[in-house]
Amino acid sequence: MTLPLPIAGTVSSALGDPDAAAQRTYEVRTFGCQMNVHDSERISGLLEDAGLSRVEGGQADVVVFNTCAVRENADNKLYGNLGMLKAVKEARPGMQIAVGGCLAQKDRETILRKAPWVDAVFGTHNIGALPALLQRARHNQDAQLEILESLDVFPSTLPTRRESVYAGWVSISVGCNNTCTFCIVPSLRGKERDRRPGEILAEIEALVADGAVEVTLLGQNVNSYGVEFGDRGAFAKLLRACGSIEGLERVRFTSPHPAAFTDDVIDAMAETPNVMPQLHMPLQSGSDRVLKAMRRSYRSSRFLGILDRVRERMPHAAISTDIIVGFPGETDEDFQATLDVVEQSRFATAFTFQYSRRPGTPAADLPDQLPKAVVQERFERLTALQDRIAREENARQVGTRVEVLVTDQQGRKGSETHRLTGRSRDQRLVHFSVPDGAEVPRPGDFVTLPITEAASFHLMSDPTTEEYSLRRSRAGDAWDRSQADSCGVPAPSDGGPRPVLLGMPSLPVRGSAS
């Protein structure tokens, strides 16, 4: 759906297409983190507000790449995709290609030099300029480049096409004030800018009114929220305020920074019923020496202390993390320290990365860059350890009953097993079957069922009729409406709900985290 939010200078329909009868189409291809995913919702909303309709499968009139610059292969991924589209564009007069996001903010003119068939390049600070850039490129028959050094319009004011009717991202801040030596994000996203609490809560309330039952609060460092307007306790207050929004059943957030994570946030999590018992806490390294070289202003003892306090208040909380292997100068002893902290932390999930040397970051110029073979061997040892821990932690869930929010995704073997998929309160992935004769849930509905089997990356449930409980929700009703709207099915004349339309759920795509 596109939220009807005003934007100054909205361009004419279909980006200035002279043939008003032919509606143009678009596709947005997203790389990178949750912030990029949410930015792509804004990009989609802008294009639909300009009169375009969404398609997939490479047949769009406008293709937009929303890029990531965190990993070393980001450049190759983008330019490889652009190369494949060159011949497509040559065969389709009027097709346009745009590149935005972090890599566009970094590479700028380089993109047009390497791929002169690109029509528009825009940065992280001026997403709202995309429709005007495309229209100008179409009118002038010339590529358009616009990169700003600071935010022109806070993204929340832009039209948005939400990817889900039952859950939504809500940005509470953009940018980052930290100076981690491995990270290029602060130079591309800028200094932290915080939204006012009232604006955030109003957006959440609008989402809930449209049927959402879950929101995830987004920021590069969510627990430093409020520093810009002088309230260091603002994030805990925001979590508690979310607890008073009627109809909002699940609240999550990502990502906090261990150095700024305070006990008032833990208290707010534990005492606010709709804040979920789940925490993503980036570790990066278990070695204090490496953490210092990374400019991560905490040490392993503080990190473990946070986990202890979280679990004291929320014994069943699931904790996930990010870890970098092979940072310059990392010794065998340093790596062993990481393994030791991982063993103690008992993470439910870990996003593990091999250090990626990024020009423009302080770490890129550090001595003792490690050989690829050494980094690969350590990476494999770490992932093997974490896979074992995740399998053991998931095994502890067998026999428990969990409430699952049903999603529109499907497991890799879903078409064979006929299981549906959802997320538990602690964000674990659950594949489940529906007993014969039982009512099938819609995406957005809730089911409560026993966990009967566990693996490293998911849980499974094959309940009996007596063990299976379904709770239909407003989000499920919103799903019905969205399906009916997408197929052009009118609402019944008596004002009742539209019929449920059945279809194959979309398959999830495993993407890289940043």
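Treat the numbers as computed from the prediction; the structure is a model and nothing was measured.
A salt bridge links R346 and E393; the closest N-O separation between the charged side-chain nitrogens and carboxylate oxygens is under 4.0 Å. Ion pairing of E330 with R378 is present here, as a side-chain N (NZ or NE/NH1/NH2) and a carboxylate O approach within less than 4.0 Å.
Side-chain contact check for D340 and Q336: at least one donor-acceptor pair (N or O, by modelled atom type) lies under 3.5 Å. Inspection of the Q409 and T407 side chains reveals no N or O donor paired with an N or O acceptor under 3.5 Å. For E192 and S224, the side-chain atoms include at least one donor-acceptor pair closer than 3.5 Å. Judged by distance alone, the side chains of S300 and D288 do bring a donor and an acceptor atom under 3.5 Å apart. Side chains of N66 and S40: a donor on one and an acceptor on the other come within 3.5 Å. Side-chain contact, Y166 with D210: no donor N or O sits under 3.5 Å from an acceptor N or O. Side-chain atoms of T254 and H280 form no donor-acceptor pair, as typed in the model, at a separation below 3.5 Å. Looking at D387 and S456, their side chains never bring a donor and an acceptor atom within 3.5 Å of each other. Residues Y298 and R296 bring a donor and an acceptor atom of their side chains to less than 3.5 Å of each other.
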Checking M294 against S285 for the side-chain contact (heavy atoms from CB on, under 4.5 Å) test, could you report, in this order, the C-alpha distance in whole Å, the side-chain angles of both residues, the deciding distance, and whether it holds?
CA-CA 9 Å; M294 289 177 167; S285 175; 4.1 Å; yes
Applying salt bridge (charged side-chain N to carboxylate O under 4.0 Å, His left out), run through E27 and R29 and close with a yes or a no.
CA-CA 7 Å; E27 178 183 2; R29 303 184 187 181; 3.5 Å; yes
Under the criterion salt bridge (charged side-chain N to carboxylate O under 4.0 Å, His left out), I'd like the reasoning laid out for K114 against D107: C-alpha separation, chi angles, the key distance, then a yes or no.
CA-CA 10 Å; K114 290 185 175 182; D107 280 5; 5.6 Å; no
Would S469 and L449 count as a side-chain contact (heavy atoms from CB on, under 4.5 Å) here? Give the steps.
CA-CA 7 Å; S469 175; L449 32 73; over 6 Å; no
Can you list the steps and then say if F353 with F379 is a ring pair (Phe, Tyr, Trp, His ring centres under 6.0 Å)?
CA-CA 8 Å; F353 306 96; F379 178 78; 8.4 Å; no
Walk me through whether E41 and R161 qualify under salt bridge (charged side-chain N to carboxylate O under 4.0 Å, His left out).
CA-CA 5 Å; E41 292 184 330; R161 184 195 192 280; over 6 Å; no
Verify side-chain contact (heavy atoms from CB on, under 4.5 Å) between V28 and F65, making sure each step is shown before the conclusion.
CA-CA 6 Å; V28 180; F65 291 92; over 6 Å; no
For a salt bridge (charged side-chain N to carboxylate O under 4.0 Å, His left out) check, start with the C-alpha distance between E203 and R195, then their side-chain angles and the critical distance, and finish with the verdict.
CA-CA 11 Å; E203 182 178 351; R195 295 176 68 189; 2.6 Å; yes
What do the steps show when you test T181 against T361 for side-chain contact (heavy atoms from CB on, under 4.5 Å), and what is the final call?
CA-CA 6 Å; T181 57; T361 63; over 6 Å; no
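What you find for D39 and R189 is that their closest heavy atoms are OD2-NH1, 2.8 Å.
Between the D426 side chain and the A317 main chain, no donor and acceptor come within less than 3.5 Å of each other. Between the side chain of D445 and the backbone N or O of S473 there is at least one donor-acceptor pair closer than 3.5 Å. With hydrogens and angles ignored, the 3.5 Å screen pairs a side-chain donor or acceptor of D334 with a backbone N or O of T331. With hydrogens and angles ignored, the 3.5 Å screen pairs a side-chain donor or acceptor of T452 with a backbone N or O of M460. T321 places a side-chain N or O within donor-acceptor distance of the main-chain N or O of L283, the cut-off being under 3.5 Å. One N or O on the side chain of Q386 and one on the backbone of F347 form a donor-acceptor pair closer than 3.5 Å. Judged by distance alone, the side chain of R295 and the main-chain N or O of K292 form no donor-acceptor pair under 3.5 Å. A side-chain donor-acceptor contact under 3.5 Å links N223 to the backbone of H257. Listed for the N177 side chain is no donor-acceptor partner under 3.5 Å among the backbone atoms of K191. Judged by distance alone, with hydrogens and angles left aside, the side-chain atoms of N126 form a donor-acceptor pair with the main-chain N or O of G123 at under 3.5 Å.
Remark: C176 SG to R193 CZ distance equals 15.0 Å, nearest 0.5 Å. The CZ atom of F303 sits 9.0 Å away from the CD atom of Q284 when rounded to the nearest 0.5 Å. To the nearest 0.5 Å, atom OG1 of residue T383 and atom CD of residue Q354 are 9.0 Å apart. With rounding to the nearest 0.5 angstrom, the OG1 atom of T216 is 5.0 Å from the CH2 atom of W169. Distance check, rounded to the nearest 0.5 Å: CG of L470 to OG1 of T448 gives 9.0 Å. Rounded to the nearest 0.5 angstrom, S164 OG and D408 CG are separated by 6.5 Å.
Among residues at least two apart or in separate chains, salt bridge (Lys or Arg N to Asp or Glu O under 4.0 Å) pairs with a member in residues 252-276 are E214-R252, R240-E271, D263-R309, D267-R313, E271-R313.
In this structure the side chain of P441 never reaches within 4.5 angstrom of the side chain of W479, judged on heavy atoms. Side-chain contact between N274 and E249: absent, with no pair of heavy atoms (C-beta onward) separated by less than 4.5 Å. Side-chain atoms of R474 and V208, non-hydrogen and from C-beta on, do get closer than 4.5 Å to each other. Between L459 and L429 there is no side-chain heavy-atom pair separated by less than 4.5 Å. Residues F235 and N221 are not in side-chain contact: their nearest non-hydrogen atoms beyond the backbone lie 4.5 Å or more apart. In this structure the side chain of S173 never reaches within 4.5 angstrom of the side chain of V222, judged on heavy atoms.
No more than 12 heavy atoms of other residues, nucleotides or ligands lie within 6.0 Å of CZ in R396, so this atom counts as exposed by the packing criterion.
By the 30° and 60° cut-offs, the orientation of the rings of Y355 relative to F327 is perpendicular.
A cation-pi contact, defined as under 6.0 Å to the ring centre and within 45° of the axis, links R471 to F446. Cation-pi geometry between R358 and F182 is not satisfied (NZ or CZ under 6.0 Å from the ring centre, within 45° of the ring normal).
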